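See structure below.
These figures come from a predicted structure and were not determined experimentally. To find a chain, count down the sequence lines: A is the first, B the second, and so on, and within it residues start at 1.
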Amino acid sequence: MTEFIHHIPALIIVIPLLWGFATPLIGRLSKKGMYAWVVTALAITEALTIAQIYLVLTQGTQVYVMGGATYNTTIPPDSGGIPVRIILTVDAFSAFMAFTAATVTLAGGIYSITSEEGTSGESMYYTLLLLMLSGMLGMVMTGDLFNFFVFLEINSLASAGLIAYRVGKGISVEAAFKYAIISSVGALIYLFGVGILYGEYDALNLAMVASRMQFTGLDKVVMALFTVALAMKAGSVPLHYWVPDAYGKAPGAISAILVTASQASLYALFRVCFSLFGLGSNTLTTGWFLISLGLLSMFVGVTMALIQTDIKRLMAYHAISQTGYMLLGVGVGLATLGTAAFSQYGLQAMEGGIFHIINHAMYKGLLFLTAGAVIYRLGTSDLNKMGGLAHNMKYTTVFFMIGALSIAGIPPFNGFASKLMIYESTYLFNPILSIIAIVVSVLTLASFVKVFHSAFMGPKLYDVKEVPKAMLVGMAILTSLIILFGLFPNIAIQYLVGPAAKALANQAAYISSVMGGA
Amino acid sequence: MVGALNTYVTPSGFWNPILWLIAFLISLLLAYIIWSRGEKSYKKETEQVKPFFAGNVIESKERAHVRAHNIYWGFVEALRPYYMALKRIHTGDVNDYVAWFIGVTSFMLIIYFLWGVKP
Amino acid sequence: MVETEKKVMARKLGRLVRAVWIFNWFNSCGCTELLPVVSSRYDMERFGLIIVDNPKHADCLIITGYQTIKSIKRVVRIYNQMPDPKVVMALGSCPITGGMYWDSYNTIKRLSDYIPVHMYVPGCPPRPEAVFQAVGLLVEHVRKLKEEVSRK
Amino acid sequence: MMYVLLALYIIAAPFIVGALGILYGMVLKGIDRKLTARMQGRVGPPLRQPFYDVLKLLEKECIIPENAVKWLFNAAPLIALAASITTLLYLPIGPFPPLFSGNGDLIVILYLLEVPCLAILAGGFAAGSPYSTVGSQREMVLMISCEFPLAAAIIALAWKYSSIYPGLKAFSLTTFVNNPIWNNVGVLGFIGVGILLIVMLALSTSGLGRLPFDIAEAGTEISGGMLVEYTGRNLGILYINDAVRVVVFATLINAMFFPYKLSPLIANYVALPLAASLTIDFLFYLFKVFLIAFVTVTLMRVAFPRYRVDDVVKFYWGIAGLATLAALILIVMDTFFGW
Amino acid sequence: MLGNLPYITVVIVAGIGIYAMMWKRNLIKVVIGVSLLESAVNLFLVSLGYRAGGVAPIYTNAPSTKMVLPTPQALTLTSIVIGVAVDALLLSFCVVIYRHYGTLDPRKVRRLRG
């Protein structure tokens, strides 16, 4: 049994990959069998990520060498101190991100069992879904720069295919086209940076390159290429134009999972800023880069969301503005890295930002699922054509209210816990930051009140039934996590978020976990 | 139970969700006590339940539902120039997407060249 | 009325009288004389009477002046929309007998054909004191009702 | 044993604070209507009038409109009143520290000020009538507009405290009460905090939805706005909630700007037993709350006509917003240059 | 000058690719721009591993002379495969867009905006 435990990082990536490609075969046998097949795959991945979090908390960073003599000989004896193979380094932060991705995909998978029932090409849908999950998990857990590029491309291609899955008179194909173009351009610019780093330091492993980094002129070019390409993939404002198109036109559960896909790129942006360049680079500049991205994303995202009339496009703009919160929180942590202020409020700001990642994944996933439920019943996603759904879609209304209240940061729910941490630590760095953050949280509340009014309130215009059971189960999973993190933020901080923030801030530990042998 | 009661401490504040929820439920109970002393009955199917529309009748349920297309007229009106600029920027044209990306990359190249690394 | 119903009505009206919220339907000459009722000289608020802007909050519907065929439809609808212990006060001679428009083709002559009117205040237009006397009669009626109930 | 005491304390606290909030709120409402009448040369209703109003409202029928979402329509007033009472738990009542002093700070209070408006707003939407929907939309615009100066004022004060007393928790109200802002601020800071005080007074008028900014229940334009469809006991609860919110806003401003006590002054003339000084402080607190309520509600109601919707946003995001940012800059300069 | 000739060609090809993506008014030309940028990056990766006078890094009965670095060639292989997949996907999107929109002009293919 102990042997199996060491292979968990690899299993987490491989299970969705293999299980995904086997789905069409099972689909040919029996529809029910395929559903069970997909849900077991997602459930196993979820269980493995939870086991991985437990392992990382107890035994520290997990390292797994692909094809090495034993699972953790990062530096083979004859290689003269260079980690040769692809190494998965899973520290607390990446285990945390893997858990977020697996949970939302599990909820999305269960949700899409009924929402995609009887539609064309259903088995391919699940293959792409599992492929997307393995891409995300690979991006989050790999310690190798080029390997990250490969998983990034897997994820982008799979999600582009999924966005265009319901052609919908060509509009979702246009959205998928724009998404695919801009994400492949970003990935190529990232690959260009990887090439420069390989040319300079003759190594591809992130820890190896970080230990050899001398911050030459070329490294500044690489910093620019990496940070901008990954900021674009994470959906921050000056480069956010693909987000409303892609999330707005993706089928039901896919936009919920796309949120975690862009959060995996956000993880990569933080990993690059903290572990690759760390204290050598002028953390004030990179910190202020993240903070200004955060402020722009927050304000522009929410003001654009106020005037939208399409329900999913409105929620997509909110995904951008909530990403702004994470960038703001972690940006303040980065800006104060290494100074005395870091221990006073920098680490808490990072904890707030990272806690916001999982909170956002939960309630944004829930909101996209409720929007999918409304579209599943009404067929239209235009807010002006909806009305009075609360009369007979009771559960969806309650789920939507919980999601809307937690995204607006109303006390008992989880949005408030992480926003409180962000407000009360970033204002020490600069008071303007948290003033804008509080104003943006009310504007978020305003736009969700708009959706709540036009979709659910008002007289009964349509006699629609409640959505089928599986969709409700998918939403219930996310709601229970929202309420759990809302009422017990201390437990989430102590076990999930605290170690993740410390692991991210501590570059030396990351390098020594790979370079320092076992 | 005690484990749940520890407050969630931030650098300059604190917050305890469980206590908040208990206090909220008890004040909800207080409000319900006052509320329950009131009159419950009302005439169900009469004219009484129709929405007040200054004495007129609303022809159909369709018209009774106020649409949301310009729900925040006041806010958008006050920030009129900002919103005009924002609408112009979001063109939806693939070329502009790539142009923005290249523009921001070159801008960041300059920024990093100037202050990228600690001297 | 059955014994308990009278006791309930006495309690409700007793409470209503000390805080009457008025929804006014001033739509003709009657209202010009009634402005001083609200203003500082006669000040109806000292008896707890305030003007409310929709029937669902109101207890007393004050109708002044003649009602045309079109407007009576709205008056009936507004009367029905008022929550229960409600009082209707018809001011001026037009709602009583049609007033000086007694022979016109489009005004309605007697208001009580359409909605139950509890108090008539004659006068064309009625003076503010007449309005206060009407409210006083209502208070008197409630006091008598209470005594009767408490004696039993 | 300690848990039983704690449980009792937690259960009793909302009732004590709720009773105080409701009773004193209604008395303040009565005084407010009396003073408004007197300022307009009228005699004005008796002081007990709000109690009569609520008793009458509890007697009337409680109509639930046909288009309404029944459960939300009835729940909204209850949640609004419950949230207002919970806010009082986190505010210092006169000499006593907040009953939940270690468990909630200024940001919690900031959001708890939003929850009643949000509940009534949801109730307004749930009623499904055109007037109530338009009223609720306007209330949301009001909430957006008055959030920016409110957040800026709170953050400016908290930033000031965090720079003077790094050890203390800058957002907790006990820090605000223990060391009043006025006597550890230089000249520039004094002007800045003065501006913040004026902005907070203007904000409490719009937070309570009183005349110059009552675009949400504009009587003449949309005949009762959000509260159109509410009748009987629902309206009674909303009436009480409105009364409690006056006390909440006045206590917040009192705690932030005037946390002074009367008993130390009297103590150096005549020896005061503890009970006497506490009652004197409590009465002084009640008087301060009345003063603030008078300025923010009665004066504004008598002096100003109603604003248009976009003027409200322009006022709060324009004038009041810039004023708070100027005050923030003044406070920052005051800390760094120490004038 | 001769030494970094490949790097100059990389910059030129990348420039042309970016130009095509930003100014060309036909979606297929934009896709060509993407593949141009992709081939520029591949050229850059390969030219990184060049050793003067080295032979192809094939270890089976290889001559004893110097070899060119093997890893960048492995990277380029994967990147080419990914490039093929990306281009196939983008071109199939163009086909569907043309069938539904009737045009390939980015200025017209933008129903999603604002």
So which atom in D/R33 and which in C/I50 form the shortest heavy-atom distance, rounded to 0.1 Å?
NH2-CG2, 3.5 Å
Cut-off 4.5 Å, heavy atoms of chain C, and the answer for D/F51 is neither
D/E61 and C/P85 have their tightest heavy-atom pair at N-CD, 4.4 Å
Chain D contacts, top residue of C/E45, C/K86, C/Q81 (heavy-atom pairs, under 4.5 Å):
C/E45
For the backbone of D/L227 and the side chain of C/H57, can you confirm whether one donor and one acceptor N or O come within less than 3.5 Å of each other?
yes
Residue-level interface, residues 34-44 of chain D with chain C, non-hydrogen cut-off under 4.5 Å:
D/Q40, D/G41, D/R42, D/V43, D/G44
Which atom names give the shortest non-hydrogen contact between D/E229 and C/K56, and what distance separates them?
OE1-NZ, 2.8 Å
Which portion of D/I63 sits near chain C, non-hydrogen atoms under 4.5 angstrom
side chain
Going through the checks in order, is the side-chain contact (heavy atoms from CB on, under 4.5 Å) test met by C/L16 and D/Y52?
CA-CA 8 Å; C/L16 180 131; D/Y52 292 147; over 6 Å; no
Proximal component of C/R11, with respect to chain D [non-hydrogen, under 4.5 Å]:
side chain
Is any NZ, NE, NH1 or NH2 atom of the basic residue among D/K60 and C/D59 found under 4.0 Å from an Asp or Glu carboxylate oxygen of the other?
yes
For C/W102, look at atom CH2 and say whether over 12 heavy atoms of other residues, nucleotides or ligands are found less than 6.0 Å away.
no
Working to the nearest 0.5 Å, report the span between NZ of C/K12 and CD of D/E59.
6.0 Å
Looking at CG of C/N54 and OG of D/S129, how far apart are the two atoms once the value is rounded to the nearest 0.5 Å?
9.0 Å
Spatial distance of atom OH (D/Y131) from atom CG (C/D53) [nearest 0.5 Å]:
10.5 Å
Is D/L58 close to chain C through its backbone or its side chain, or both, or neither, when contacts mean heavy atoms under 4.5 Å?
neither
